[in-house]
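Data first, discussion second: the structure below is written as structure tokens.
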Amino acid sequence: MSAREPLILIADDEERMRRLVGDYLRREGCSIVEAADGREAISRFASRPGIDLAIIDVMMPNLDGWVALRELKARSSIPVLMLTAKSEEEDELFGFGLGADEYIRKPVSPRVLVARVKALLRRSLPTSSESDAELLHNLRATGIAIDTAGCRVTVDGAESALSPKEFDILLLLASNPGVVYSRDRILDSVWGLGYAGDPRTVDTHMKNLRMKLGGAGRAIETVRGFGYRLSRAEGE
């Protein structure tokens with residue numbers, strides 16, 4: 001993502017949310033500092049030099065996200081991305097007035113979150129194509145190529161018309177070939193925390209994804225009783 005590992009502060013009182021967001025950003029080459037409330041967020045920022053960006057939940061105990069945002073912006077010019085379950089325009093305008101650089105509403109789409117973080121970091125840090133190059137290497141033996149910027153997938157040079165969810169599932173599996181992802185983890189990662197639908201929707205999307213990838217779809221393996229994985233390229 002950059003010439004050095006960006007250091008991201010994640011402040012949210014939900015441990016599960018911090019873990020999910022942190023896992024995705026670590027796979028993008030980021031280092032993570034966690035805080036469970038607004039007071040701890042300010043303390044961590046003060047004691048850990050070099051934080052490049054902060055992700056702050058609005059509703060937190062021991063100083064809410066608005067107070068944490070105001071304090072961080074008073075001390076530095078780092079980008080701050082706010083997470084909120086509220087949808088009122090007035091709340092967003094209030095946050096922007098305090099200096100917020102971006103908003104994402106819950107339930108969080110990890111793909112959207114990573115894209116917004118990358119965009120914010122590009123404004124202040126030098127960029128690199130290392131992560132995309134690594135992703136292409138993971139897929140080379142399958143004939144599948146993912147264009148992350150254009151959200152396009154090709155198989156042996158021919159474009160495959162994937163739905164947004166199918167694209168996200170493939171991107172998730174390709175980011176860690178050989179790693180088994182359970183249905184619950186795929187739901188959290190692709191549909192977002194708080195999804196209350198049928199977990200079997202993962203199986204339906206996986207079936208359609210394999211069909212659209214043709215013969216290359218065999219690279220997506222079912223691990224009975226556990227979940228799904230993308231097979232590793234030969235020689236890895």
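What you see is a predicted model, and the numbers here were worked out from it, not measured in a lab.
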Exercise. Could you note down all residue pairs passing ring pair (Phe, Tyr, Trp, His ring centres under 6.0 Å) where residues 50-76 supplies at least one of them, sequence neighbours left out?
Key: Trp66-Phe94
Between [atom1] of [X] and [atom2] of [Y], what distance do you get to the nearest 0.5 Å?
X	Y	atom1	atom2	value
Cys30	Leu121	SG	CG	6.0 Å
Tyr228	Arg183	OH	CZ	4.5 Å
Leu63	Glu40	CG	CD	11.5 Å

Quiz item: With a 4.0 Å cut-off, would you call Arg70 and Asp64 a salt bridge?
Solution: no
Quiz item: Do NZ/NE/NH1/NH2 and the carboxylate oxygens of Asp23 and Arg26 come within less than 4.0 Å?
Solution: yes
Self-check item: Partner residues of Tyr103 under the ring-ring contact (aromatic ring centres under 6.0 Å, His included) criterion, sequence neighbours left out
Solution: Phe96
Exercise. Measure from the side-chain N and O atoms of Ser160 to the backbone N and O of Lys212, and report whether any donor-acceptor pair falls under 3.5 Å.
Key: yes
Quiz item: Does the Asp57 side chain pair with the main chain of Ala11, one donor and one acceptor, at a distance under 3.5 Å?
Solution: no
Practice problem: Have a look at Ile78 and tell me which of Ile51, Asp101, Ile8 forms a side-chain contact (heavy atoms from CB on, under 4.5 Å) with it. | Solution: Ile51
[X] side chain near [Y] side chain, heavy-atom distance below 4.5 Å:
X	Y	value
Lys73	Leu98	no
Lys106	Met59	no
Val153	Leu213	yes
Leu7	Asp52	yes

Self-check item: Qualifying residues under side-chain contact (heavy atoms from CB on, under 4.5 Å), relative to Arg18, sequence neighbours excluded
Solution: Ile10, Asp12, Glu15, Glu34, Ala36
Quiz item: Can Arg210 and Thr222 be counted as having a side-chain donor-acceptor contact under 3.5 angstrom?
Solution: yes
Practice problem: Give a yes or no on whether Val21 and Val179 share a hydrophobic cluster (residues Ile, Leu, Val, Met, Phe, Trp, Tyr; joining criterion: side-chain heavy atoms under 4.5 Å apart). | Solution: yes
Quiz item: Under a single-linkage definition using a 4.5 Å side-chain heavy-atom cutoff for Ile, Leu, Val, Met, Phe, Trp and Tyr, are Leu25 and Ile104 assigned to the same hydrophobic cluster?
Solution: yes
Quiz item: Looking at Thr201, Asn208, Asp203, which one forms a side chain to side chain donor-acceptor pair (under 3.5 Å) with His205?
Solution: Thr201
